[in-house]
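See below for the structure under consideration.
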Amino acid sequence: MKRVVGLIAGTAVLVVGVVPIAVAEVTRGPAAQSYLAESVRWGPCAQEKQEKESRLTAVPVECATVRVPLDHREPMGHAIKLAINRIKGTASRDGNHLGTLLVNPGGPGASGRTLARYVAAVLPPELKARYDVVGFDPRGVGASQPALRCVDPEVYYRAPRPDAVPRSPSEENVLLSRAAHYASQCGNMWSWLLPHMTTENVARDLDVIRAALGEQKISYLGYSYGTYIGSVYATLFPDRVKRLVLDSSVNPDEVWYEANLKQDRAFEGRHRDFLAWTAGHHKVYGLGNSTRQARFAWYAMRARLHDRPAGGVVGASELDDVFTVAGYSDRIWPELAAAWSAYVRKGDPKPLIAAFDKHGKNDAEDENGYAVYLATQCRDAAWPRDWARWRADMTRMHRRAPFLTWPNAWFNAPCAYWQVGGGTPVAVRGSQQLPPILMLQSRADAATPYLGAVNLRKHFPTARMVVETGGNHGVALGGNRCVDRHLFAYLTDGTMPPHGTRCQAMPAPRPTTHMVSGRVAGHERLTEVLTR
């Protein structure tokens, strides 16, 4: 799940064509019908966004498209195209090959093609050789066709934006107008597509991809919202799952309004962890030697930026965007604390602006991610239509969790005006046909709180969960050797961890007084893929 409007996009896909091969059942239940599956014809990928791709280890990659029904209840009706990529394993197909590992980084709205490159780059060579790692852009995302965009990012996201914490009814009305405008624009442009932008349809798309790849069963690694895709897929198609890894899990019983309220409380705790860490390095940053003092310094900075944006660019809402990323990974705490200190202690806004450019600035790709995020969450489930309900809930929550409550509310507020009503989420449940499921979760995760993962595990009796004691969002392949050891054992032969397995978090980051540049490693690198 994602709160910052920003995504790292993968290599753009060159459409190279498909070849029909067989009829495959890709729906279940009363409306089950057949759909003409198509084999994938792989070809070279277009080379774009090299500055972003350079952050990932180069791996040979090939690209293609897969057609899927717009409406899976009408499989022979209108079709849309999904962009996919593959890093092909080198193991013999008649012996050591383990099949396809599909990956998704979450969102909704994130491209799985970048994650595929990352996963293939960091898997142990002997394991990478045994899997074809496949990423996909879900419907509406990235290089899939069509790709949703609802507003001009140059206009809508122009900084500084209105403060997300309204100080008066007039400021609240400005924010309400923005939310209603966004919903209206999306409805006017995409009335034919929005009714079909559901997680259930994404899961059914995933099964079309499986059939097109010629696989009887697939393995799947999903982070964040990607765990919800995996959970729904496992519910609909339990006999088609080989291995299932769910990292940083969504609570399937709280999609999506309640989930966001739970996030507000979790991010408040994570923000306080960051403030405590900053106070613990008072000699470096000079922002207070207690959490209380650091908190005062942070909110004093935010209040000043409301009236006087740094460099005319970073206002209060831009500050929220940047520091929300600190809730995803403690690896960037030194960078953000350094920018904060430079602004407060030296009156230098440049590091703060640089942090915004790196972590919070929005472009056309970010607008695509946000459009898909709203299209999916607003359609998946019902949202309150009475703004008085939102105001009462946010006012109450803001008293307990002021860091993210209102920014999170406005991020999702277009759902109150969405022109397509919310549906009924899939009732996620386990099945005896499912194999053992590996869940990975950090104890203080802000984006997908721990108790939600505990609840998901109850839905899947075959699941076991490895808990990391830290708070970073996304723990697999981020540098924690204990977590990765369990992941690699499971992917190799299905070995499950003992009940109650715990892994210690990685050491806290060391302070620095400068912005981080150049190649990054470990969890910060993973965070670049999952957010920005």
Side-chain angles (χ1 to χ4, degrees), residues 1-2 26 28 82 84 98-113 115-116 119 131 133-139 141 198-210 213 215 217-256 259 376-377 380 425-431 433-441 445 447-448 452-466 473-477 486-487 490-491 494 496 529-530:
M1 296 173 70
K2 190 173 188 303
V26 294
R28 288 291 176 91
L82 303 184
I84 64 174
L98 292 172
T100 295
L101 175 64
L102 278 126
V103 300
N104 181 275
S111 166
R113 293 176 300 124
L115 180 62
V119 170
Y131 278 103
V133 181
V134 174
F136 67 102
D137 285 358
R139 54 177 56 202
V141 175
T198 65
T199 301
E200 178 177 352
N201 278 334
V202 173
R204 295 188 184 280
D205 292 346
L206 190 61
D207 203 54
V208 176
I209 294 174
R210 173 202 59 78
L213 294 172
E215 300 281 12
K217 295 185 177 185
I218 57 169
S219 297
Y220 178 86
L221 166 62
Y223 292 86
S224 195
Y225 167 75
T227 67
Y228 187 50
I229 298 173
S231 298
V232 172
Y233 185 84
T235 299
L236 297 175
F237 308 105
D239 58 330
R240 299 175 188 178
V241 178
K242 184 174 183 178
R243 309 253 200 274
L244 181 60
V245 183
L246 307 177
D247 187 323
S248 306
S249 293
V250 168
N251 186 341
D253 299 331
E254 293 181 344
V255 295
W256 290 109
T376 305
Q377 292 216 351
D380 262 351
V426 172
V428 169
R429 63 188 182 276
S431 166
Q433 295 175 291
L434 282 170
I437 297 169
L438 178 64
M439 297 179 63
L440 307 170
Q441 181 75 28
D445 188 346
T448 50
V454 172
N455 187 63
L456 175 62
R457 184 177 58 186
K458 294 177 182 177
H459 289 270
F460 290 129
T462 64
R464 292 188 187 177
M465 185 160 60
V466 174
H473 181 63
V475 293
L477 306 177
H486 292 294
L487 171 67
Y490 174 75
L491 289 178
M496 293 291 283
V529 178
L530 302 185

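From T376, atom OG1 reaches atom CH2 of W256 across 9.0 Å, with rounding to the nearest 0.5 Å. Taken to the nearest 0.5 Å, the CG atom of L491 stands 8.0 Å off from the CG atom of L438. Atom CG of L244 sits about 9.0 Å away from atom CD1 of I218, to the nearest 0.5 Å. In this structure, N201 CG and I229 CD1 are separated by 11.5 Å, a value rounded to the nearest 0.5 Å. Atom CG of L487 and atom CG of L477 lie 5.5 Å apart (nearest 0.5 Å). From D247, atom CG reaches atom CG of L440 across 5.0 Å, with rounding to the nearest 0.5 Å.
Partners of F460 under the ring pair (Phe, Tyr, Trp, His ring centres under 6.0 Å) rule, at least two apart in sequence or in another chain, do not exist in this structure. For the side chain to side chain contact (heavy atoms under 4.5 Å, CB included) test, residues two or more places apart in sequence or in another chain that qualify with K217 are K242. For P425, the side chain to side chain contact (heavy atoms under 4.5 Å, CB included) partners are Y228, V255, A381, not counting sequence neighbours. Every residue meeting the side-chain hydrogen bond (donor to acceptor under 3.5 Å, both in side chains) condition with D205, not counting sequence neighbours, appears here in chain and number order: H72, R139. By the side-chain hydrogen bond (donor to acceptor under 3.5 Å, both in side chains) test, T100 is found to be paired with E215, residues two or more places apart in sequence or in another chain being considered. Evaluation of the side chain to side chain contact (heavy atoms under 4.5 Å, CB included) rule for N251 yields D253, E254, N455 as partners, not counting sequence neighbours. For Y220, there are no side-chain hydrogen bond (donor to acceptor under 3.5 Å, both in side chains) partners, not counting sequence neighbours. Applying the side chain to side chain contact (heavy atoms under 4.5 Å, CB included) criterion to M465, with sequence neighbours excluded, gives M439, Q441, Y450, A453, V454, R457, V467. For T199, the side-chain hydrogen bond (donor to acceptor under 3.5 Å, both in side chains) criterion is met by Y225, D380, not counting sequence neighbours.
Taking each heavy atom of L82 and D137 in turn, the nearest pair found is CD2-O, 3.8 Å. The shortest heavy-atom contact between T462 and M496 is O-CE, 3.9 Å. The two atoms that bring S111 and P105 nearest to each other are O-CG, 3.3 Å, heavy atoms only. A116 and V133 make their closest contact through O-CG1, 3.7 Å (heavy atoms, listed as atom of the first residue, atom of the second, distance). The two residues V103 and G112 come nearest to each other via the heavy atoms CG2-O, 3.9 Å.
At distances below 3.5 Å, at least one donor-acceptor pair connects side-chain atoms of Y490 with backbone N or O atoms of P436. Within the 3.5 Å criterion, the main-chain N or O of G474 finds a donor-acceptor partner in the side chain of S248. Looking only at distances, a side-chain donor or acceptor of T235 sits under 3.5 Å from a matching main-chain atom of R429. Between the side chain of H459 and the main chain of V428, a donor-acceptor pair closer than 3.5 Å is present.
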Determine whether S231 and L246 satisfy the following criterion, side chain to side chain contact (heavy atoms under 4.5 Å, CB included), listing intermediate values before the conclusion. CA-CA 8 Å; S231 298; L246 307 177; 3.9 Å; yes
Evaluation steps, side chain to side chain contact (heavy atoms under 4.5 Å, CB included), between T448 and T227: CA-CA 10 Å; T448 50; T227 67; 5.8 Å; no
For Y223 and L115, what are the C-alpha separation, side-chain angles and deciding distance, and is it a side chain to side chain contact (heavy atoms under 4.5 Å, CB included)? CA-CA 10 Å; Y223 292 86; L115 180 62; 3.8 Å; yes
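In this structure, P252 and L456 have side chains that are in contact, with non-hydrogen atoms separated by less than 4.5 Å. At least one side-chain heavy atom of P138 sits less than 4.5 Å from a side-chain heavy atom of N104.
The residues R204 and D207 are annotated as not salt-bridged, no charged nitrogen and carboxylate oxygen being separated by less than 4.0 angstrom.
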